[in-house]
Number of protein chains: 2
Amino acid sequence: MDAVKNLDTSTRILNAAELLFIDHGFDGTSMRQITAAAEVNIAAVNYYFGSKDGLFQAVFERRAEPFVRLSLAKLTELESTVQANDPIAIAESFLSAALEMGSKPEYGGLVFVRLLARTYIEPRAILKEKIPQRYGELTRRYQQALERALPELSAAEVAWRFHFMTSAMFNAFAGNHVLRLFTAQPMVNARDPQRVAQMLLPFISAGLTSPAAVQA
Amino acid sequence: MDAVKNLDTSTRILNAAELLFIDHGFDGTSMRQITAAAEVNIAAVNYYFGSKDGLFQAVFERRAEPFVRLSLAKLTELESTVQANDPIAIAESFLSAALEMGSKPEYGGLVFVRLLARTYIEPRAILKEKIPQRYGELTRRYQQALERALPELSAAEVAWRFHFMTSAMFNAFAGNHVLRLFTAQPMVNARDPQRVAQMLLPFISAGLTSPAAVQA
DNA sequence: TTAATTTTCAAACACTCGTTTGAAATTGAT
DNA sequence: ATCAATTTCAAACGAGTGTTTGAAAATTAA
């Protein structure tokens with residue numbers, strides 16, 4: 001029996017579309033490629049998701065929802081301990097949420113990070129509208145936590161460091177090395193998420209807790 | 001007189017294509033969009049660049065060449081001073097190269113960073129072949145410089161930190177905030193490159209010089 | 001078993017894609 | 001002014017795009 005065929009039609013579409021969107025982008029992926037990979041009739045996408053746009057949103061939300069839920073749970077748990085105001089512990093809780101997503105096959109393994117990395121560079125209109133208001137809590141809560149943990153920094157500088165941290169993190173997990181463009185064989189290997197996290201932690205910890213660039 | 005029309009046809013095409021590629025990606029940009037924006041006949045692209053792929057390569061190389069040249073010159077200059085083995089000075093020379101590119105209109109201002117950020121997420125086949133061997137010197141030289149400056153780190157860990165540094169840097173300049181996906185209004189403003197660099201420096205400096213995650 | 005509902009399917013829809021053509025217009029050199 | 005080379009142009013090429021249709025098949029309910 002074909003392994004692909006054992007899953008629901010809509011799930012097969014989501015799985016196939018996810019991988020293709022990651023590798024070739026939204027515009028670089030055609031409905032026929034998706035339905036061929038999913039071994040499904042081409043009309044099935046419109047039947048289940050309404051449109052190609054609707055499919056993309058479904059693909060994204062399938063990963064975003066558990067990630068947001070997981071990282072918020074980690075933060076809530078942390079805030080009930082004595083480490084609530086430790087910036088490194090906060091960074092670790094965010095990192096471990098991504099790590100946990102990456103290690104759970106039911107969440108798509110590391111696929112979700114690559115999807116995120118793809119998506120935030122390639123902002124579809126539909127994401128700009130619906131997603132932010134639904135998941136805005138994530139950035140709000142982490143920003144607040146970091147502001148408490150780093151009182152010597154202005155809110156703006158905290159936001160910048162959160163930005164730097166997540167950029168380094170997501171691109172590391174996704175294997176997106178800027179300078180890969182200039183290098184034949186990559187210098188780093190992102191295959192092992194545990195190792196990536198191990199490399200990340202000292203860099204991020206030191207970066208977050210470094211002296212303020214401007215007075216708060 | 002139309003400002004656009006004063007430039008050569010091929011330059012008008014490059015300028016229009018660059019902006020469109022950045023905003024909508026390679027597959028999301030059509031030849032007709034490009035030639036309409038450039039106020040040029042659609043056949044002109046194939047006449048001057050052979051194909052859409054050829055155009056993309058030309059768009060990329062126009063920015064990559066001066067950036068690579070500039071950053072290598074900065075490094076060479078640094079290596080003749082007493083700061084040759086200061087990791088922070090090395091990071092600063094890389095940062096200042098990007099900053100200088102961003103401040104010079106003849107290099108496209110900050111456009112080149114956005115193009116880089118777009119491109120390394122969306123790797124066209126043509127870039128994987130021709131570019132690396134031509135510009136490989138950039139990563140090689142900076143990697144070697146950082147290895148000398150950070151002898152307590154393994155070469156692999158140096159490569160990782162270079163990766164983290166460039167990810168944070170390019171995405172900051174390009175205004176690509178991962179978590180923008182989850183937030184209605186952006187928390188940081190990447191408009192002023194000087195300010196971005198100011199925010200970046202303490203984070204990157206501390207990150208680069210933090211204790212090793214593993215023994216060298 | 002019959003009837004109602006859900007799902008699948010091949011075919012076609014109108015449209016856009018990158019590229020090519022061959023002639024017209026422009027430019028530069030003699 | 002004449003010729004040659006370069007550049008521009010409208011039009012068309014075949015192929016691929018996302019979506020829709022209406023009937024066939026499969027599933028579920030009665």
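Predicted model, so just to flag it, every value in this text is computed and none were measured. Here is the naming used below: chain letters follow the sequence lines, and residue numbers restart at 1 for every chain.
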Which of C/dT8, D/dT8, D/dT20 is nearest the side chain of A/Asn46? It is D/dT20
From the candidates D/dG18, C/dT8, C/dT19, the one with an atom nearest any side-chain atom of A/Lys52 is D/dG18
Across all chains, not counting sequence neighbours, the ring-ring contact (aromatic ring centres under 6.0 Å, His included) partners of A/Phe21 are A/Phe26, A/Phe56
According to a strict under-4.0 Å criterion, is [X] in side-chain N/O contact with OP1 or OP2 of [N]?
X: A/Ser51; N: D/dG18; answer: no
X: A/Ser30; N: D/dG16; answer: no
X: A/Thr9; N: C/dT7; answer: no

Between the protein and nucleotides 10-14 of chain D, list the N/O to N/O atom pairs that are separated by less than 3.5 angstrom.
unit_1 : atom_1 : unit_2  : atom_2 : d
D/dA10 : N7     : B/Asn41 : ND2    : 3.4

Value for CZ (A/Arg63) from CG (A/Leu115), rounded to nearest 0.5 Å, stands at 8.0 Å
For [X], which contact category applies under a 4.0 Å heavy-atom criterion: base, sugar-phosphate, or nothing?
X: B/Ser10; answer: nothing
X: A/Thr35; answer: nothing
X: B/Tyr48; answer: sugar-phosphate

Return the value, rounded to whole Å, for the distance between atom [atom1] of [X] and atom [atom2] of [N].
X: B/Asp8; N: D/dT6; atom1: CG; atom2: P; answer: 16 Å
X: B/Tyr47; N: D/dT6; atom1: OH; atom2: P; answer: 7 Å
X: A/Met31; N: C/dA14; atom1: CE; atom2: C1'; answer: 16 Å
X: B/His24; N: C/dC17; atom1: NE2; atom2: C1'; answer: 17 Å
X: B/Asp27; N: C/dT16; atom1: CG; atom2: C1'; answer: 14 Å

A/Glu77 meets the side-chain contact (heavy atoms from CB on, under 4.5 Å) criterion, sequence neighbours left out, with none
Using the side chain to side chain donor-acceptor pair (under 3.5 Å) criterion, which residues pair with [X]? Sequence neighbours excluded.
X: B/Gln198; value: none
X: A/Asn15; value: A/Arg62
X: B/Arg141; value: B/Thr76, B/Glu79
X: B/Lys52; value: none

Anything under 3.5 Å between a donor and an acceptor, one on a side chain of residues 90-97 of chain B, the other on a protein residue two or more places apart or in another chain? List them.
unit_1  : atom_1 : unit_2   : atom_2 : d
B/Ser93 : OG     : B/Ile90  : O      : 3.0
B/Ser93 : OG     : B/Tyr142 : OH     : 2.9
B/Ser96 : OG     : B/Glu92  : O      : 3.2
B/Ser96 : OG     : B/Ser93  : O      : 3.0

Q) Less than 4.5 Å apart, any side-chain heavy atom of A/Leu55 and any of A/Asn46? A) no
5'-most contact on DNA chain D (nearest-nucleotide basis), B/Ala44 vs A/Gln33, goes to B/Ala44
Writing each nucleotide of DNA chain C 5' to 3' as (, ), [, ], | or . by Watson-Crick or G-U pairing under 3.5 Å yields |.|||||||||||||||||||||||||||.
